[in-house]
Each structure stands twice: as C-alpha cells, then as structure tokens.
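Before any comments, here is the structure.
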Protein chains: 4
Amino acid sequence: MARLKSPAKRGAILDAAVHEIARNGLAASTASIAKRAGVASGSLFTYFPDKETLLNELYLELKREVYSRVNADFPQAASLEARARHVWTQFLSWAIESPERRKVSVLLNVSDVLTTDTRRNVATIRGIIEPTMRELGRRSVAHGLPAEFASAFLSSMQETTLDFAVRQPKRRKELIDRAFQVFWRAIH
Amino acid sequence: MARLKSPAKRGAILDAAVHEIARNGLAASTASIAKRAGVASGSLFTYFPDKETLLNELYLELKREVYSRVNADFPQAASLEARARHVWTQFLSWAIESPERRKVSVLLNVSDVLTTDTRRNVATIRGIIEPTMRELGRRSVAHGLPAEFASAFLSSMQETTLDFAVRQPKRRKELIDRAFQVFWRAIH
Amino acid sequence: MARLKSPAKRGAILDAAVHEIARNGLAASTASIAKRAGVASGSLFTYFPDKETLLNELYLELKREVYSRVNADFPQAASLEARARHVWTQFLSWAIESPERRKVSVLLNVSDVLTTDTRRNVATIRGIIEPTMRELGRRSVAHGLPAEFASAFLSSMQETTLDFAVRQPKRRKELIDRAFQVFWRAIH
Amino acid sequence: MARLKSPAKRGAILDAAVHEIARNGLAASTASIAKRAGVASGSLFTYFPDKETLLNELYLELKREVYSRVNADFPQAASLEARARHVWTQFLSWAIESPERRKVSVLLNVSDVLTTDTRRNVATIRGIIEPTMRELGRRSVAHGLPAEFASAFLSSMQETTLDFAVRQPKRRKELIDRAFQVFWRAIH
DNA sequence: GATGAATGAGGTTTCATTCAT
DNA sequence: TATGAATGAAACCTCATTCAT
C-alpha cells in the first residue's frame with residue numbers, strides 16, 4: 001500500500017529551504033535543505049521534481065503567506081486610506097516577524113529562477129487587495145502614470161520603511177506610522 | 001621589464017563579468033567570464049585574487065560609475081529641488097542606458113558577497129551629493145524620520161519609476177518627470 | 001534502505017591509494033585513485049571527506065596491518081630475545097611482502113599530512129608489543145638513554161636491514177637473522 | 001669554460017627552496033621559492049631549467065654541505081673508533097644546527113624526484129670518509145653482512161639519535177655520546 | 001515511499017613554464 | 001639578464017539528480 005506524500009514533510013522542506021537560502025543564498029544545496037528538513041537527500045525529489053521547481057513553489061508559498069496575512073481582517077468597507085494603511089501595516093509586520101522569509105522572497109524575486117508561470121500565479125494570489133490598489137491608482141496624483149504605479153510605489157516605500165524599522169526596533173511603530181503619512185501625502 | 005598588468009584587460013574582465021552575471025546570476029563561472037573577456041581562465045586570477053574580490057570590485061566599479069554620472073554637471077548652487085531632480089534624472093538615465101550593469105548592481109546588493117569594507121567604500125564614493133541628501137532629510141516632511149530616510153526613499157522611488165520607464169520607452173521622459181513630481185510633493 | 005557504504009569499496013580506494021602514491025608520491029591525484037579503485041571520482045568523497053583524511057586513514061590502516069601481523073602469534077611467555085626476534089622478523093616479512101605499502105607508510109610518516117590525532121591513534125595500536133619494547137629499554141645497555149630509545153633503535157635497524165634484504169632476495173633469511181644478532185649484541 | 005651567472009642568486013634560490021620545502025613539502029611552488037629568494041618567478045628558470053632539476057641540485061648541495069662538514073678536520077690517522085666517532089658527531093651537529101636542511105634532505109631522499117644520476121653523484125661526494133666506512137664493514141661484526149651494512153647501520157642509528165637529541169636539548173651532548181657507545185658496542 | 005550511495009560534470013583555484021618587454 | 005603577466009592543464013571538491021535497496 002503506497003504511503004501518501006506527506007504535506008507535513010513538504011512543508012518541512014520548504015521551511016528548511018527558507019533557512020538555508022537565507023544563510024547561503026540560492027546556491028544553498030538541496031542536500032543541506034533536505035538535511036535540515038529531516039529527510040533524506042533523495043526524498044526531496046519525491047516532493048519536488050527538481051531544484052528549480054522547489055524554488056518556484058517556495059516563492060509561491062511565501063507570497064501566499066504574505067497575502068493571506070494582508071487579506072485577513074481586510075476592512076473592505078472602510079475608506080481608501082484605511083484600506084491602504086491596513087495593507088501597509090500588515091505587510092510590514094509580516095516582513096519584520098519573518099526576516100528570513102522576506103529575504104528569501106527578495107532573493108528569488110531578483111533572480112532568474114522564477115518562471116513566467118510563477119509570476120502570473122503570484123498576480124492571481126493578490127486577490128482581495130487588487131481593487132484597492134487600482135482605486136489607489138485612479139484616485140491618486142499618480143493617475144496620469146500607469147495604473148500599477150501607485151501600487152509599485154507603495155511597495156517600494158514599504159521596503160524603505162522596513163529597513164529602518166528593522167534597525168530601530170524601539171521606534172518601529174512610530175516609524176511605520178509616520179512613513180505611511182508621508183506616503184499618503186505623496187499619493188493623495 | 002615584463003608586461004604590466006593592463007587596465008584594459010582588467011576592464012574587459014569586469015565588463016565580461018557584468019554580462020555573464022546579468023545572464024546567469026552570481027553563479028556565473030569565472031571560466032565563462034574569462035572566456036568572454038578574451039583571456040585565459042587562469043589570467044582572471046592575476047587581476048583578482050578570487051571570485052569574491054572580483055565581485056566586490058565589480059560592485060565598487062559600478063557604483064563609481066553611477067556616482068560619477070550623477071556628480072557630473074551637478075548644479076551645486078541651484079535650488080534643492082533642482083539638485084534633487086538632477087540626481088533623479090541622471091541616475092535613471094544611467095540605469096536605463098545600462099540595464100545589465102544595473103541588474104548586476106542589484107544582484108550584488110542583495111547577495112551576501114559584499115564585505116563591510118566594500119559597503120563603507122561605496123558610502124565614501126557618494127561624495128558630492130551627500131550634502132544634498134542630508135538637506136533633503138532636514139527640510140522634508142520626513143524630518144521626524146531618520147536622516148537617511150529621504151535619501152532611501154528617493155532611491156526606492158527611482159526603482160519603481162525605472163521599471164515603468166523601461167517598459168514604456170515612449171513615455172519615458174514624461175514618466176520620469178511626473179514621478180519626480182510625485183516624489184517631490186511627497187517629501188516636500 | 002539505500003545501499004550501505006560498502007567496506008569493500010572503501011578498501012578498494014585505500015588499496016588504489018597505496019598503488020598510486022607508491023608510483024607518484026603524495027601528489028597522486030584523487031581522480032587517479034578513484035579511477036584505479038573503480039569508482040567515480042566523486043565517490044571517493046563519500047568515503048573520505050577530503051584527501052587529507054584519506055591519507056590519515058590510510059596511514060592508520062597500514063599501521064594496523066603491520067601491527068596485526070606483528071601481534072599475531074606473539075610469544076608472550078618467551079624470552080625477551082625471542083619476543084624481540086619475533087617483532088623483528090614479522091615486521092621485515094611484512095615490509096618485504098608489501099613494498100608499496102611500506103613505501104607509502106614511510107612517505108606519509110615524513111610528510112606533514114599526519115595529524116597529531118593520527119599519531120596518537122597509531123601509538124594506541126601498537127598494543128601488545130609495547131611492554132616488550134619497554135622491557136627492552138629497561139634491560140638493555142640503552143637504559144641510561146630515554147625509554148623509547150631501544151624501540152626506535154630497533155626500528156631504524158630494521159630499515160637498514162630491509163634495504164639489503166630487498167636487494168638480495170637470496171640471502172634474505174640469512175641477512176635478517178645476522179642483522180638481528182648484531183642488534184641484539186648491541187643492545188644487550 | 002663554465003659560465004656562472006650570479007652564484008649569489010643561485011644560492012639564494014636554493015636557500016629559499018630549503019625554507020619553503022621545509023614548510024610546505026615538495027609541493028612548495030616555484031613562485032613561492034622565487035619570492036623568498038628575492039627574484040622574479042621567471043628568473044628561477046634561468047638558474048634551473050625546471051623544478052625537478054632544482055630539486056636534484058638542491059639535494060646535491062645539501063649532501064655536499066654535510067660531507068664537507070664531516071670531512072673537515074677528519075682525523076685520518078686516528079683509530080677507527082675515533083674516525084667513526086668524528087663522523088657520528090659531525091653529522092649530528094650539522095643536523096641539529098640545520099633542522100630545515102636536514103628535513104628537506106630526508107624529504108628529497110624518500111621522494112621519487114631524485115634521478116639515478118643524482119644518486120651516483122652523491123656517492124662520489126662522500127669522498128674522504130669512504131675508506132673508513134669500508135674498514136668499518138670489514139672489521140666489524142657485520143663482516144658477514146654486505147659491505148655497506150655497517151655504514152647504513154651507522155646512518156640509521158644517527159637518525160634515531162637525532163630525534164632524541166632534538167627533543168632533549170639539555171641532554172644532547174650526553175645522548176650523542178652514549179648512543180655512539182651503543183653503536184660501537186654493537187658493531188665492534 | 002524512503003533512503004543515501006553513486007555519479008561525473010562543472011566550479012574555483014594553483015602552478016610550472018613561457019615569452020613579450 | 002631580469003621581470004612578471006599570461007597560459008591552460010590539472011587539482012580538489014561540490015552538487016543536482018538517479019536508482020538499487
């Protein structure tokens with residue numbers, strides 16, 4: 001009777017991958033990932049056909065995680081500012097809590113291992129916040145700019161803010177708040 | 001006298017490295033770099049003791065390049081806005097003209113190969129624009145935020161703008177201009 | 001269960017190492033050793049983490065071999081002379097039968113690859129003959145000399161004898177016997 | 001007419017070779033030797049056509065050095081014992097004073113780089129002590145053994161003694177003396 | 001399904017030697 | 001003659017992937 005592929009083991013491999021890649025970059029070996037996951041090196045390949053696929057699925061997983069965090073308790077009916085602030089805050093708190101996951105996410109994003117398929121899938125995942133982002137584009141000063149500009153702008157200001165928030169844990173809350181105000185002022 | 005180490009060859013290796021890394025990531029092999037540079041595989045190591053050093057010097061070179069571009073014709077005496085706009089425009093035109101160099105610069109920046117020494121050296125290189133950046137920090141709405149926030153913010157908005165400018169060559173000039181207005185509004 | 005690391009293969013690698021090193025010195029390449037052992041070049045490293053370890057374990061193996069030969073049929077209860085003669089004869093017959101192994105043992109011994117750990121382990125292995133060696137030290141004319149002198153002396157006379165025994169196979173038995181007499185006379 | 005380039009430089013290279021080889025074994029690179037000798041890496045090859053030749057000439061040089069030490073003040077007319085004791089003492093004092101040179105000599109001797117030509121030349125160099133060694137063979141208890149046995153035996157006992165003398169500098173003189181007595185007793 | 005030994009291409013680096021200067 | 005840059009073969013070792021058990 002064939003044992004079933006265990007989702008727990010799959011998750012362990014992905015978690016291990018995060019850790020190893022955060023430490024050693026994308027060059028982290030599959031063997032080291034398997035070892036940390038507590039499975040045999042060969043077993044990794046029963047869960048992922050090859051390293052490239054593992055990396056792509058890992059990225060998807062990380063994105064799913066961020067967006068599920070952002071989507072949770074999303075104040076659908078609130079003002080645009082309130083919704084934007086929610087996105088802002090939730091993303092930053094995830095990034096601060098999970099620095100390794102975030103680092104790996106960045107690494108994967110700038111690398112060339114992500115397939116167009118993966119990129120498309122990520123777009124799909126964004127889901128619930130998409131309308132808010134589009135509204136941001138339409139109603140902001142950026143409306144002469146491409147539609148996605150406002151959203152990309154928000155992302156990049158988050159990155160900036162993140163660096164400072166990480167380095168100054170004590171002022172974290174204040175920093176995040178003030179930076180959002182700057183952002184909102186800019187865009188509104 | 002034997003032949004002297006030729007700066008031209010050193011440059012060729014660095015250029016080749018840009019090309020290969022843009023194509024294959026930091027995993028690009030030293031052999032492929034040497035080959036593209038037109039030197040024997042071993043010769044690479046007469047110019048750089050090891051790959052890590054090559055990568056660090058490459059980063060320095062790229063940064064030197066950007067900053068020399070930004071520093072050139074810098075309107076010292078002009079208004080803060082004019083100076084900020086100069087930085088904005090010059091950086092973006094470099095990034096657009098040299099997409100490979102820019103990509104490699106980003107790759108190196110997020111990787112872990114850069115030594116603290118290299119990071120410190122880069123800071124030194126920024127040179128002439130530093131006072132402008134500090135002034136930006138002081139005189140902007142971001143003045144409750146850390147001093148470097150304004151500068152980091154400018155950087156990240158440049159990244160955002162860059163993506164759009166690259167994808168829409170025709171609206172490029174306009175995009176760059178409008179985005180700067182958004183930035184200035186935000187910060188001012 | 002995957003295949004288990006096969007002791008036979010490990011042995012084959014060690015044997016191959018003996019052969020290659022006897023031919024080319026310690027510079028013998030791991031690739032050539034693997035090839036002669038009939039395994040892939042990479043497989044060598046599943047048995048030994050690196051060349052240095054391979055060399056150290058090889059030395060240990062060779063010493064184990066000599067001492068197991070010397071310890072076998074050791075005439076515990078016999079006279080000191082009989083015991084010394086046993087050591088003398090057994091070592092020499094091993095060295096004569098296995099000239100390559102002996103050569104490699106010497107090469108390793110004068111090189112700097114042997115760790116202090118390995119040296120200590122070898123000392124442990126000597127085992128059964130140790131008391132005889134100490135007795136030799138105590139009861140010999142060398143007793144004013146350091147305790148290990150007698151034993152070192154025996155070793156070095158064996159080396160001398162070996163050279164001649166190898167070159168004159170016909171007189172071998174006689175040579176070994178006469179040389180022992182000289183030794184015994186000297187020490188007694 | 002023998003043309004001498006710069007004997008001083010040649011000597012510097014040989015001295016540097018001793019040092020480097022003592023440190024890193026025969027794998028010491030020609031570049032490191034040249035560097036330590038204070039000449040350019042290429043210059044080494046104007047003094048020695050290749051590394052192998054360098055090594056062979058180095059061995060010859062070292063042997064010349066020992067034998068010139070042993071031959072100096074050789075008490076031609078003295079008793080056999082006095083002459084043997086002279087050889088014994090002089091060699092040991094050289095070995096103790098020049099541990100690096102001695103180590104390199106041993107390394108070269110057990111390696112396979114020495115040509116038969118070199119070995120033959122060394123035999124020639126022994127010169128003045130040869131008759132004494134032959135006499136030792138004839139007049140010793142080893143006279144049933146091959147002629148060179150006595151001489152080889154003396155050598156190997158010297159090695160043994162050397163180890164102890166090096167490790168116990170304070171008892172050095174006494175050790176050397178006592179060990180000679182053991183030797184003489186054995187052989188006489 | 002799980003395991004980990006086996007594989008061999010490929011990576012970085014070293015080095016003896018050559019040769020332009 | 002002296003120099004040291006240039007060369008490319010070869011060394012050691014890693015690694016994604018396969019497959020016998």
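On a predicted model such as this, the values are computed, not experimentally measured, just so you know.
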Of the listed nucleotides dG8(E), dT7(F), dA2(F), the one nearest the side chain of A40(C): dG8(E)

Presence of salt bridge, E100(A) and K103(A), under 4.0 angstrom: no

Exceeds 12 heavy-atom contacts within 6.0 angstrom, atom NZ of K35(D): no

Whole angstrom value for the distance that separates P of dC19(E) from CG of L44(D): 17 Å

Side-chain (T124(C)) to main-chain (R120(C)) donor-acceptor, under 3.5 angstrom: yes

Residue-phosphate contact under 4.0 Å: K9(A) side-chain N/O, dA2(E) OP1/OP2: yes

Whole-Å distance separating the NZ atom of K5(B) from the P atom of dA5(F): 5 Å

Contact state string [nucleotides 10-15 of chain F, B base, S sugar-phosphate only, - no protein heavy atom under 4.0 Å]: -SSBBS

Sugar-phosphate, base or nothing in reach of K35(B), heavy atoms under 4.0 Å: nothing

Between T118(A) and N121(A): side-chain donor-acceptor atoms closer than 3.5 Å: no

Expected output: side-chain K5(C) to main-chain T46(C) donor-acceptor under 3.5 Å: yes

Can you give the donor-acceptor pairs under 3.5 Å from side chains of residues 21-29 of chain B to other protein atoms, not counting sequence neighbours?
{"unit_1": "N24(B)", "atom_1": "ND2", "unit_2": "E20(B)", "atom_2": "OE1", "d": "3.4"}
{"unit_1": "S29(B)", "atom_1": "OG", "unit_2": "S32(B)", "atom_2": "N", "d": "3.0"}
{"unit_1": "S29(B)", "atom_1": "OG", "unit_2": "S32(B)", "atom_2": "OG", "d": "3.3"}

Backbone N/O of A95(B) and side chain of S98(B): donor-acceptor pair under 3.5 Å: no

Any Y47(D) side-chain N or O less than 4.0 Å from OP1/OP2 of dA2(F): yes

Distance-only polar pair, side chains of R119(C) and N56(C), donor-acceptor under 3.5 Å: no

Main-chain N/O of S6(B) paired with Y47(B) side-chain donor or acceptor, under 3.5 Å: yes

Separation of dG4(E) C1' from R10(C) CZ (nearest whole Å): 18 Å

Value in whole Å for how far the C1' atom of dC15(E) lies from CD of E20(D): 14 Å

Identified stems (criterion: three or more consecutive Watson-Crick or G-U pairs, under 3.5 Å), DNA chain F: E:2-21 with F:2-21

Whole angstrom value for the distance that separates P of dG4(F) from CG of L4(B): 9 Å

Distance test, side-chain N/O of S43(B) to OP1/OP2 of dT7(F), below 4.0 Å: yes

For atom CZ of F48(B) and atom P of dT14(E), their distance in whole Å: 16 Å

d(CD1, I13(C); P, dA5(E)) in whole Å: 12 Å

